[in-house]
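First up is the structure itself, then whatever we jot down about it.
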Amino acid sequence: MNVLLGLAGSDESVTALRRTIERTTEADDDLTVALVEKPEADRSQDEMYRQADDLLSEAGIEASIERLEGEPGSSLVDYAEQGEFDQLVIGGGTLSPMGKIQLGPITEFVLLNSPITVKLVR
């Protein structure tokens, strides 16, 4: 499977990165990591690049790491449309006090507009 992983610098992104690396190792998927710009994120694009590169190297996975510019949701969807990906993986979603999932604007945009299957990692 050809997998695109979108990272925005949040804790959820790091969780998605770790779980996708585990899945890639087990299933021998092809992986591309796309870093989106999100100024209010916990980690900068440079920090996420280093962390992704380190974790991929530790796991022995060769993956392309791409930096995307512009609005995070639309740049990720546009990149997914241009490639031959089978799945787009993103982190996101928190639980409300009532136990319902709450989606941020980037996650919601990607889920509603992606041309390929989206896997949401919480």
Side-chain angles (χ1 to χ4, degrees):
M1 185 174 343
N2 194 1
V3 177
L4 174 62
L5 170 63
L7 300 179
S10 65
D11 290 340
E12 291 85 6
S13 287
V14 174
T15 300
L17 173 63
R18 291 180 188 280
R19 289 194 184 157
T20 303
I21 287 173
E22 289 173 13
R23 159 76 187 174
T24 300
T25 302
E26 294 169 2
D28 197 31
D29 292 335
D30 291 323
L31 178 63
T32 300
V33 178
L35 304 171
V36 297
E37 292 181 313
K38 186 176 173 189
E40 67 276 7
D42 299 333
R43 294 162 192 84
S44 70
Q45 206 177 41
D46 289 337
E47 288 175 274
M48 283 305 302
Y49 186 97
R50 284 190 296 276
Q51 188 166 17
D53 190 47
D54 290 346
L55 290 172
L56 290 165
S57 294
E58 287 174 19
I61 297 172
E62 289 188 30
S64 174
I65 304 176
E66 304 293 332
R67 295 174 191 255
L68 305 183
E69 296 179 1
E71 196 281 318
S74 60
S75 64
L76 191 54
V77 168
D78 289 345
Y79 192 80
E81 287 176 343
Q82 295 170 13
E84 294 185 19
F85 300 104
D86 301 307
Q87 185 178 71
L88 170 57
V89 179
I90 56 173
T94 57
L95 290 180
S96 73
M98 298 292 291
K100 305 267 185 195
I101 189 168
Q102 296 177 315
L103 303 175
I106 297 171
T107 303
E108 184 176 323
F109 183 88
V110 171
L111 286 169
L112 293 174
N113 294 285
S114 176
I116 59 175
T117 301
V118 178
K119 179 178 180 180
L120 180 64
V121 177
R122 300 188 302 131

(request) Search all heavy atoms of A41 against all heavy atoms of A8 and return the closest pair with its distance. (result) CB-O, 3.1 Å

(request) Say whether, by atom type as modelled, one donor and one acceptor occur between the side chain of T117 and the main chain of Q87 under 3.5 angstrom. (result) no

(message) Does any part of the side chain of D42, heavy atoms only, come nearer than 4.5 Å to the side chain of V14, both counted from C-beta?
(response) no

(request) Specify the closest pair of heavy atoms between E47 and S44, including all atoms of both residues, with the distance to one decimal. (result) OE1-N, 2.9 Å

(message) Using every non-hydrogen atom in the two residues, find where L17 and A52 come nearest and quote the distance to one decimal.
(response) CD2-CA, 3.7 Å

(request) Please tell me if the side chains of L56 and I65 come closer than 4.5 Å, counting only heavy atoms from C-beta onward. (result) yes

(request) Specify the closest pair of heavy atoms between V77 and P115, including all atoms of both residues, with the distance to one decimal. (result) CG1-CD, 4.1 Å

(message) Do L4 and V110 land in one hydrophobic cluster if side-chain heavy atoms of ILVMFWY residues count as linked below 4.5 Å?
(response) yes

(request) Identify the two heavy atoms, one from L68 and one from A34, that lie closest to each other, and give their separation to 0.1 Å. (result) CD1-CB, 3.7 Å

(message) I need the full list of salt bridge (charged side-chain N to carboxylate O under 4.0 Å, His left out) pairs touching residues 16-27, with sequence neighbours left out, sorted by first then second residue.
(response) R23-D29

(request) Report yes or no: do V118 and I116 belong to one cluster of Ile/Leu/Val/Met/Phe/Trp/Tyr joined by side chain heavy-atom distances under 4.5 Å? (result) yes

(message) Taking the side chain as everything from C-beta on, heavy atoms only, tell me whether I90 gets closer than 4.5 Å to L120.
(response) yes

(message) Suppose we screen for side-chain contact (heavy atoms from CB on, under 4.5 Å). Which residues come up paired with N2, at least two apart in sequence or across chains?
(response) D30, F85, D86

(request) Taking the side chain as every heavy atom from C-beta outward, state whether L7 and Q51 have any pair of such atoms under 4.5 Å apart. (result) no

(message) Is there a path of hydrophobic side-chain contacts, each under 4.5 Å between heavy atoms, that joins L103 and V121?
(response) no

(message) Is there a continuous path of hydrophobic side-chain contacts, each under 4.5 Å between heavy atoms, that joins V89 to Y49?
(response) yes

(message) Rounded at 0.5 Å granularity, tell me how far CD in Q45 sits from CD in E69.
(response) 7.5 Å

(request) Supply the atom-to-atom distance R43 CZ to S13 OG, rounded to the nearest 0.5 angstrom. (result) 8.0 Å

(request) Determine, using the 4.5 Å side-chain heavy-atom cutoff (strictly less than), whether M48 and I61 are members of one ILVMFWY cluster. (result) yes

(message) If you count every heavy atom of other residues, nucleotides or ligands that lies below 6.0 Å from E40 atom CD, does the total exceed 12?
(response) yes

(message) Working to the nearest 0.5 angstrom, can you tell me the gap between L76 CG and T107 OG1?
(response) 10.0 Å

(request) Indicate the atoms forming the closest heavy-atom contact of G6 with L88, along with that distance. (result) N-CD1, 4.3 Å

(message) Within the 4.5 Å heavy-atom criterion, are T20 and T24 side-chain neighbours or not?
(response) yes

